[in-house]
Amino acid sequence: MYEKNGEKYFIVDAHVHLWDARESNQRNIHGKQFIDCFYDYHRNLSPEEEVWDYDTYTYYGPDRLMRDLFEEGPADHAIFQATILKDFYVNGFAQVDDSLKLCEDNPGLLTYNHAYDPRHGEAGLEQLRKDADIMNLKGVKLYTAEWFGDSRGYKLDDAWSRRYLEECIKLGIKNVHIHKGPTIRPLDRDAFDVADVDKVATDYTDLNFIIEHVGLPRLEDFCWIATQESNVFGGLAVALPFIHTRPRYFAQIIGELLYWIGEDKILFASDYALWTPQWLVERFVDFQIPEDMTEYAPITVEQKKKILGLNAAALYPHIEVPEELKLPTSAGDPEVEVAAGAKDAVTA
């Protein structure tokens with residue numbers, strides 16, 4: 001458990017990966033473009049001392065993951081968010097078998113969320129049923145801009161996508177994580193647009209929709225949707241590293257999120273191995289809104305504790321939190337209210 005100034009923080013890293021982007025696994029030029037774009041994010045947003053060499057970045061393996069997250073890192077629990085990208089990588093970008101083995105060996109530390117693509121139709125639905133059983137799925141990760149043959153993305157409210165969401169409800173898969181953030185070469189920016197979240201969140205209230213990267217660069221659109229929809233949450237992956245390179249920009253992001261959607265609907269995520277979690281947690285615990293940004297209230301220790309782990313643990317009840325640090329109400333409760341200022345603004 002991470003501790004600073006006498007305060008203990010239960011850390012749930014709600015978005016981690018174990019990938020293989022080596023040249024031997026690249027199906028085509030797009031596999032190289034993808035990992036090169038990842039590496040540019042890593043190199044340009046990390047402190048200099050946290051930057052990895054390129055070869056390590058393309059393949060770091062299970063042992064390093066466990067070391068960086070738990071042995072030398074701050075995490076008490078972490079959640080894999082699989083990204084498959086079979087059109088770009090021979091065996092897929094995510095190392096599914098190794099991730100599952102780590103989860104099997106470390107059930108108290110790791111949770112695995114698999115991916116599906118609704119463009120696979122009936123065959124994909126049957127595979128989802130098998131995966132849910134074999135992998136004991138509690139969540140899934142969707143990549144709406146992923147390429148599939150001639151298709152360069154899909155919408156969450158497409159007919160087939162709706163069938164898969166309905167199947168998730170039947171299978172007891174409650175948490176749907178969706179990449180709705182910055183584009184990654186060669187994927188198309190508009191395929192990550194957040195607008196389709198609004199429709200499915202309204203129609204499938206039995207599901208929680210965790211919008212990874214809080215919709216960036218469409219933060220305002222995301223905030224308006226997540227304010228209206230009680231089952232829409234925001235993941236801080238990619239947003240959080242700006243705490244280093246653009247701290248005032250990060251202050252604006254977190255300030256807007258706290259104002260609009262409230263402290264109970266924001267989840268910490270390192271997006272490992274894009275970034276390692278230790279420095280992100282340290283910077284966030286120490287972070288405060290600049291005094292001259294008076295439109296935002298100061299961030300409290302309690303808010304930081306919720307964001308860094310307690311909110312994710314509320315969405316995944318199998319994650320055991322020390323009794324003295326449990327939330328008084330669940331972040332997954334549909335009755336959770338938005339921040340008072342946002343609610344007043346919307347209903348005025």
Side-chain angles (χ1 to χ4, degrees), residues 15 17 19 21 26-38 40-41 81-94 96 113-125 127-128 131 139-168 173 175-204 207 209-222 224-226 229 232-235 237-239 269 271 274:
H15 191 142
H17 302 277
W19 66 57
Q26 294 171 12
R27 186 180 295 277
N28 46 43
I29 186 61
H30 301 312
K32 179 169 173 51
Q33 290 171 336
F34 189 87
I35 192 60
D36 285 356
C37 187
F38 261 31
D40 285 343
Y41 276 115
Q81 305 292 352
T83 300
I84 305 302
L85 298 173
K86 285 290 288 184
D87 273 28
F88 299 167
Y89 295 96
V90 176
N91 298 312
F93 183 63
V96 176
N113 285 353
H114 198 47
Y116 68 70
D117 189 327
R119 292 168 295 184
H120 290 176
E122 288 289 354
L125 270 179
Q127 187 63 51
L128 174 60
D131 291 340
V140 290
K141 167 72 182 304
L142 307 184
Y143 223 66
T144 58
E146 185 164 350
W147 291 7
F148 178 64
D150 294 333
S151 172
R152 292 172 62 143
Y154 67 91
K155 296 295 184 185
L156 293 171
D157 59 323
D158 289 346
W160 272 108
S161 176
R162 288 179 174 274
R163 288 187 62 180
Y164 277 65
L165 292 174
E166 290 160 5
E167 192 65 29
C168 284
I173 300 172
N175 297 312
V176 180
H177 296 250
I178 312 161
H179 180 117
K180 292 290 189 178
T183 191
I184 305 156
R185 192 182 187 203
L187 304 176
D188 299 335
R189 175 181 178 272
D190 288 348
F192 287 131
D193 191 288
V194 298
D196 53 343
V197 173
D198 195 15
K199 298 178 182 179
V200 294
T202 297
D203 294 342
Y204 301 106
L207 298 173
F209 294 92
I210 299 91
I211 308 309
E212 302 295 347
H213 324 297
V214 294
L216 294 175
R218 305 173 179 89
L219 179 65
E220 185 174 8
D221 289 349
F222 165 74
W224 281 92
I225 292 169
E229 306 292 345
V232 173
F233 300 76
V238 177
D271 218 343
L274 269 89

Taking everything shown except K155 itself, do over 12 heavy atoms lie less than 6.0 Å from its NZ? yes
Is the number of heavy atoms from other residues, nucleotides or ligands within 6.0 Å of CD (Q127) greater than 12? yes
Spacing of [X] atom [atom1] and [Y] atom [atom2] [to the nearest 0.5 Å]:
| X | Y | atom1 | atom2 | answer |
| --- | --- | --- | --- | --- |
| D157 | T202 | CG | OG1 | 11.0 Å |
| Y154 | E146 | OH | CD | 8.0 Å |
| Y89 | N28 | OH | CG | 9.0 Å |
| D40 | I184 | CG | CD1 | 12.0 Å |
| L142 | Y116 | CG | OH | 4.5 Å |

Just to verify, what does D221 make a side-chain hydrogen bond (donor to acceptor under 3.5 Å, both in side chains) with, not counting sequence neighbours? none
Result of checking H179, K141, H177, H15 against Q81 for side chain to side chain donor-acceptor pair (under 3.5 Å): H177
Can a salt bridge be assigned to the pair K86 and D117 using a cut-off of 4.0 Å between side-chain N and carboxylate O? no
Sidechain N-carboxylate O distance under 4.0 Å for R119, D158: no
Any idea which heavy atoms bring A201 and F209 closest together, and the distance? CA-CE1, 3.7 Å
Distance-minimising heavy-atom pair for F222 and G234: CZ-CA, 3.6 Å
D198 and W224: side-chain contact (heavy atoms from CB on, under 4.5 Å), yes or no, with the steps? CA-CA 9 Å; D198 195 15; W224 281 92; over 6 Å; no
Residue pairs passing the salt bridge (Lys or Arg N to Asp or Glu O under 4.0 Å) test with at least one member in residues 182-194, sequence neighbours excluded, are R152-D188, D190-R218, D193-R218
Please report whether the ring centroid of F38 lies less than 6.0 Å from that of W19. yes
Run the numbers on H30 and W147 for side-chain contact (heavy atoms from CB on, under 4.5 Å), then give the verdict. CA-CA 10 Å; H30 301 312; W147 291 7; 3.5 Å; yes
